[in-house]
Amino acid sequence: MSTSFSSIPLVDFGRLKNPQTKEAELAVLRDAIFHVGFLYLVNNGAEALIEEAHERLPEIFAISSKDKNHIDMLKSPSFLGYTSLGRETTAKVIDMREQFDFGSECSEYKDGDPFWQMLEGPSQFPNASVRDLVQRYMGAMESVSKEFVGFAAESISLPRNTFESFIGKMSRLKFVKYPQAPPGSQGVGPHKDSIGLFTYLAQDNVGGLQVLNKSGDWIDAPPIKGSLVINIAQGFEAITGGVCSGTTHRVIAPTSCTRYSIPYFQAVRLDLRLQDLEQSAASIVARIPVSEDKKKRAVDVPSELISPQYACFREAQLRNRIFSHPDVGKKWYPGLFEQYSQQPVA
Ligand SMILES: O=C(O)CCC(=O)C(=O)O
Ligand SMILES: [Fe+2]
């Protein structure tokens, strides 16, 4: 087994569901989880909806600035809504992308709730037809992702329901537009997804997504029509005690056309505290067969969720949102913004 991958493995959902092929496909999934942290899920059953959503994106991004501003993310302490080009930052560099962030339906923040509960709240939609599309799309992703974590558990020799109790309330969905930009521009900078268990990404046919391997080389994740690119996010990394680590990735901005993408971030429970997690992680980790490949990546970004600096997931996640969207962070969480600005992630 090579320790540094040079391509992204492909997992067939149909084969996972078929008892005749399940074992063989679980071995492919296990390899992807232990060695790569990224995979393509083909035959996922959401192909028609993925195509429909991608067909709608150009028209959705073409709505007027007035309508976009009406649902600006600045209005949302839950970091949901519209973000115009140049207002998002990753690894301290501005990302060349414009986006709408949505969340699955959940109850509103009430007076007396802990302040971090504001991370989960109502979405802002530009119109009813986008709301309908988002709700259908999130429903489909919720089913795929729930089934997928079951297979992920089985692939690493854990009971199928191991991760179910870690799934959070509000998953997030983004519609993203990367405009044509000068060569070498940052679409989104190197990062590990902080806000969930796994991310399920539907790319268009342009390309530009790259994944960091253990030798420090950037490996292309070229588009495969109808597939979902799934990657381990920091929640799953933390729950497995860092054994199944998240993989750093980035997007190089397109130089000759616009690129669109739709990432779905499967929620992890925000109320988990590091100490609860340490206990659950210990029992999970004890049952995971030892990976043959523990090699750390040569170059990497730190994982906020497993940093001892943050007491719990919600704090780590809040910090991540505040840094990604500093204008929203400053407005709603000015004290934390100041405090986190002084502290690099350990
Ligand atoms: O747009 C993409 O292909 C990836 C986006 C991404 O990595 C993210 O939003 O976390
Ligand atoms: Fe990402």
Side-chain angles (χ1 to χ4, degrees), residues 8 38 40 49-65 67-69 71-74 79-102 124 126 130 133-134 137 141 172-196 199-212 218-231 233 247-265 301 320-321 323-328:
I8 309 300
F38 257 81
Y40 293 98
L49 200 48
I50 290 173
E51 187 169 350
E52 179 189 342
H54 266 289
E55 274 171 6
R56 295 272 317 269
L57 287 191
E59 153 230 323
I60 293 171
F61 277 96
I63 65 170
S64 69
S65 308
D67 287 348
K68 287 173 172 169
N69 294 339
I71 57 161
D72 197 289
M73 191 190 274
L74 269 175
F79 296 84
L80 296 171
Y82 173 72
T83 305
S84 54
L85 191 64
R87 272 173 51 205
E88 189 198 25
T89 304
T90 304
K92 300 201 173 122
V93 178
I94 297 209
D95 297 323
M96 289 295 287
R97 63 179 191 171
E98 181 185 350
Q99 61 201 322
F100 295 92
D101 280 71
F102 307 103
Q124 309 189 79
V130 173
L133 175 67
V134 167
Y137 193 96
M141 288 303 116
R172 289 174 179 262
L173 180 75
K174 280 179 196 273
F175 288 165
V176 190
K177 175 181 177 181
Y178 299 88
Q180 190 179 339
S185 302
Q186 169 167 307
V188 60
H191 67 283
K192 287 182 183 175
D193 293 337
S194 79
I195 50 179
T199 305
Y200 304 74
L201 170 78
Q203 325 186 53
D204 67 5
N205 59 6
V206 173
L209 175 64
Q210 294 186 324
V211 178
L212 191 66
W218 287 104
I219 305 300
D220 285 328
I224 297 182
K225 194 168 163 49
S227 70
L228 288 166
V229 181
I230 300 186
N231 66 275
T247 303
T248 299
H249 54 286
R250 69 181 183 186
V251 173
I252 305 295
T255 52
S256 57
C257 59
T258 302
R259 175 177 188 268
Y260 294 95
S261 73
I262 312 176
Y264 171 84
F265 304 93
V301 299
N320 177 281
R321 294 297 77 204
F323 274 109
S324 296
H325 297 277
D327 53 353
V328 185

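The first residue in the sequence is number 1, and the count goes up from there. Since the model is a prediction, treat every value here as computed from it, not as a measurement.
- In this structure, the separation between CD on E88 and CD on E98 is 11.5 Å, given to the nearest 0.5 Å.
- Contacts of R250 classified as side chain to side chain donor-acceptor pair (under 3.5 Å), with partners at least two apart in sequence or in another chain: Q210.
- Under the salt bridge (Lys or Arg N to Asp or Glu O under 4.0 Å) criterion, K177 pairs with no residue, sequence neighbours left out.
- If you take CG on D72 and OG1 on T83, they are separated by 7.0 Å, rounding to the nearest 0.5 Å.
- Scanning both residues, A53 and I262, for their nearest heavy atoms gives CB-CD1, 3.6 Å.
- Ring geometry for F175 against F102 counts as perpendicular: the plane angle is over 60°, on a 0 to 90° scale with 30° as the lower cut.
- Considering CD1 of I230 and OH of Y200, their distance stands at 5.0 Å, rounded to 0.5 Å.
- Relative ring orientation between Y82 and F100 is described as tilted, the plane-to-plane angle lying within the 30° to 60° band.
- Taking every heavy atom of both residues into account, I50 and A202 meet most closely at CG2-CB, 3.7 Å.
- Evaluation of the side chain to side chain donor-acceptor pair (under 3.5 Å) rule for Y178 yields R97 as partners, not counting sequence neighbours.
- Residues forming a side chain to side chain donor-acceptor pair (under 3.5 Å) with E52 (at least two apart in sequence, or on another chain): R136.
- Of all the heavy atoms in T255 and P183, the pair that sits closest is CG2-CA, 3.6 Å.
- Applying the side-chain contact (heavy atoms from CB on, under 4.5 Å) rule to Q180 yields no partners; only residues at least two apart in sequence or on another chain are considered.
- Among all heavy-atom pairs drawn from S185 and M96, the shortest one is CB-CG, 4.3 Å.
- For A221, the side-chain contact (heavy atoms from CB on, under 4.5 Å) partners are I8, Y40, L209, V211, not counting sequence neighbours.
- Residues passing the ring pair (Phe, Tyr, Trp, His ring centres under 6.0 Å) test with Y260, sequence neighbours excluded: F61.
- Of all the heavy atoms in F79 and R321, the pair that sits closest is CE2-O, 3.4 Å.
- L201 contributes atom CG, which lies 8.0 Å from atom CG of L228 (distance to the nearest 0.5 angstrom).
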- Kindly determine whether D95 and T90 satisfy side-chain hydrogen bond (donor to acceptor under 3.5 Å, both in side chains), including the steps that lead there. CA-CA 7 Å; D95 297 323; T90 304; 2.6 Å; yes
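- Taking D67 as the reference, nothing meets the salt bridge (Lys or Arg N to Asp or Glu O under 4.0 Å) condition, with sequence neighbours excluded.
- Partners of P326 according to the side-chain contact (heavy atoms from CB on, under 4.5 Å) rule, which considers only residues two or more places apart in sequence or in another chain, are T89, F337.
- For N205, there are no side-chain contact (heavy atoms from CB on, under 4.5 Å) partners, not counting sequence neighbours.
- Residues that satisfy the salt bridge (Lys or Arg N to Asp or Glu O under 4.0 Å) test with E55, not counting sequence neighbours, are absent from this structure.
- Here the CG atom belonging to L57 is positioned 8.5 Å from the OG atom belonging to S261, to the nearest 0.5 angstrom.
- From N320, atom CG reaches atom NZ of K192 across 12.5 Å, with rounding to the nearest 0.5 Å.
- One N or O on the side chain of Q186 and one on the backbone of V93 form a donor-acceptor pair closer than 3.5 Å.
- In terms of the side chain to side chain donor-acceptor pair (under 3.5 Å) criterion, Q124 has no residue partners (sequence neighbours excluded).
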